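Working notes, beginning with the structure itself.
Every value quoted in this text rests on a predicted model; they were computed, and no experiment measured them.
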Amino acid sequence: MTQCNRRAFFQGNLLGAAGLLAGRNLVHSDEGPRESFTHDLSCPIVLHQTDLFHPHADPDDHFDLAVVFALALQGYIDLRGVILDYPVMDWVNGDPAVVAVAQMNRICGSHVPGVVGSRLKMRTADDRLDDAPARELAAVHFILDVLRRAERPVRFKCGSSAPDVAVAALREPDLFREKCAGLYVNCGSAFPNPNKPDEEEYNITANRAGQAALFNDVPCPVYWFPCWHTTLDWKMGGNATYFEGAHELLLNEASPALRYFMYYMFSHSQDVNWMRNMENGVEDDPWFKMIRTQNNGARSLWATTSLFMLANRTVTRDGDIVATDEVDPNDALYRLENIHVKADDRGRITWNYCDEESNRKIFHVLDDEKYCPAMLRATNTLLKTLI
């Protein structure tokens, strides 16, 4: 059985206690100082790559950042770093949200580094950016350094097109072959939309060459989590990771600290006292007005499910979080299935299921009807532990 020993998520009365704990101080509980993250040898080492900006391009990335820190706080993963994309798309207004990483570190009493990636796009699927200046390679060198130092293989959560991950793998393929336990790639659609043949999912367009490199050339397992089953059809289930629900469900019993984290993001805040004010949280009136009006009070999420999976956690059809190797197959909400897959030089992905064991797999929902409510419950369960 694979089990991280720092905490057992469902021991005791955690679900009932979360609301009571929400009023406590950020870093110290009534029993004394809270532990920071530990490097438990039974936990997967994780690097979290994200297109996280402030002002945000899409709030889902802040929700996922909170989820990955909560997974680390529970002892499910050993979070070694956050890699933030440089805003290369014209419609992205904000710069990398390094403050969001700092806020999560404050909430968790941790010191996870945040590193900004390159502004340069790969020109071809084999482009190692050999002519790039040093400032554009900070994230690439950080990734390689984490792999070299890691005492066990590393798992990558890859949002957007993960250009820095792709370049690092092209530069040192043998290191990735030895030390990369898998890329958990959030992008694209399982199938094109016949009614919208020219539509493409955003992450495919962000760096097409990098996307092709991830699927074709990286010498480690690739687990594909399509954002859509059919491009931009806004339907849940099938091969899509997408689900959505009310902010009030996702953030029910949110602690003062998490309230401030979300409020700061939603409001595009320029508050220079972002750490001191986080201690006090947000009053009920502005909080509920914000979460009930932003995006009509609902949140769409795409990458969240992959975070549970890379942490060796799965969600049951009732929304409980359990160890992957302990779940009853009849109760599992989703699984990964073997595929053959290829991405062309435009980042367009073609694939088919295969019977043999493969180092390329695709996400598949096993109960379309229960997928959304189960994921909403599981995500809320995790978020309200950020006290």
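Partners of E200 by salt bridge (Lys or Arg N to Asp or Glu O under 4.0 Å), not counting sequence neighbours, listed by chain and number: R208. Under the rule for a salt bridge (Lys or Arg N to Asp or Glu O under 4.0 Å), K370 has no partner lying at least two apart in sequence or in another chain. Every residue meeting the salt bridge (Lys or Arg N to Asp or Glu O under 4.0 Å) condition with E248, not counting sequence neighbours, appears here in chain and number order: R292. In this structure D367 satisfies the salt bridge (Lys or Arg N to Asp or Glu O under 4.0 Å) test together with R317, sequence neighbours excluded. Among residues two or more places apart in sequence or in another chain, the side chain to side chain donor-acceptor pair (under 3.5 Å) test is passed with R259 by D284. Evaluation of the side chain to side chain contact (heavy atoms under 4.5 Å, CB included) rule for K235 yields D233 as partners, not counting sequence neighbours. Take F63 and apply the ring pair (Phe, Tyr, Trp, His ring centres under 6.0 Å) test, not counting sequence neighbours, and it matches no residue. In terms of the side chain to side chain donor-acceptor pair (under 3.5 Å) criterion, residue partners of N277 (sequence neighbours excluded) are, by chain and number, D271. With sequence neighbours excluded, no residue satisfies ring pair (Phe, Tyr, Trp, His ring centres under 6.0 Å) with F308. Listed by chain and residue number, D127, D131 satisfy the side chain to side chain donor-acceptor pair (under 3.5 Å) test with R123 (two or more places apart in sequence, or in another chain). In this structure, N296 has no side chain to side chain donor-acceptor pair (under 3.5 Å) partners at least two apart in sequence or on a different chain. Listed by chain and number, the residues in a side chain to side chain contact (heavy atoms under 4.5 Å, CB included) with S118 are L120, L129, E136, D164 (sequence neighbours excluded).
Note: W302 and W228 have perpendicular aromatic rings, judged against thresholds of 30 and 60 degrees for the angle between ring planes. Classified by interplanar angle (parallel below 30°, tilted 30° to 60°, perpendicular above 60°), the ring pair F261/H62 is tilted. Y353 and W351 have perpendicular rings, their planes meeting at more than 60° on a 0 to 90° scale where under 30° would count as parallel. Ring geometry, Y334 versus Y371: the interplanar angle exceeds 60°, so the pair is classed perpendicular (tilted spans 30 to 60°).
Looking at K196 and E201, no side-chain N of the basic residue comes within less than 4.0 Å of a carboxylate O on the acidic one, giving no salt bridge. Looking at E283 and K289, no side-chain N of the basic residue comes within less than 4.0 Å of a carboxylate O on the acidic one, giving no salt bridge.
Of all heavy-atom pairs spanning F53 and A97, the tightest one is C-CB, 3.7 Å.
Donor-acceptor pairing under 3.5 Å is lacking for the side chains of N207 and K121.
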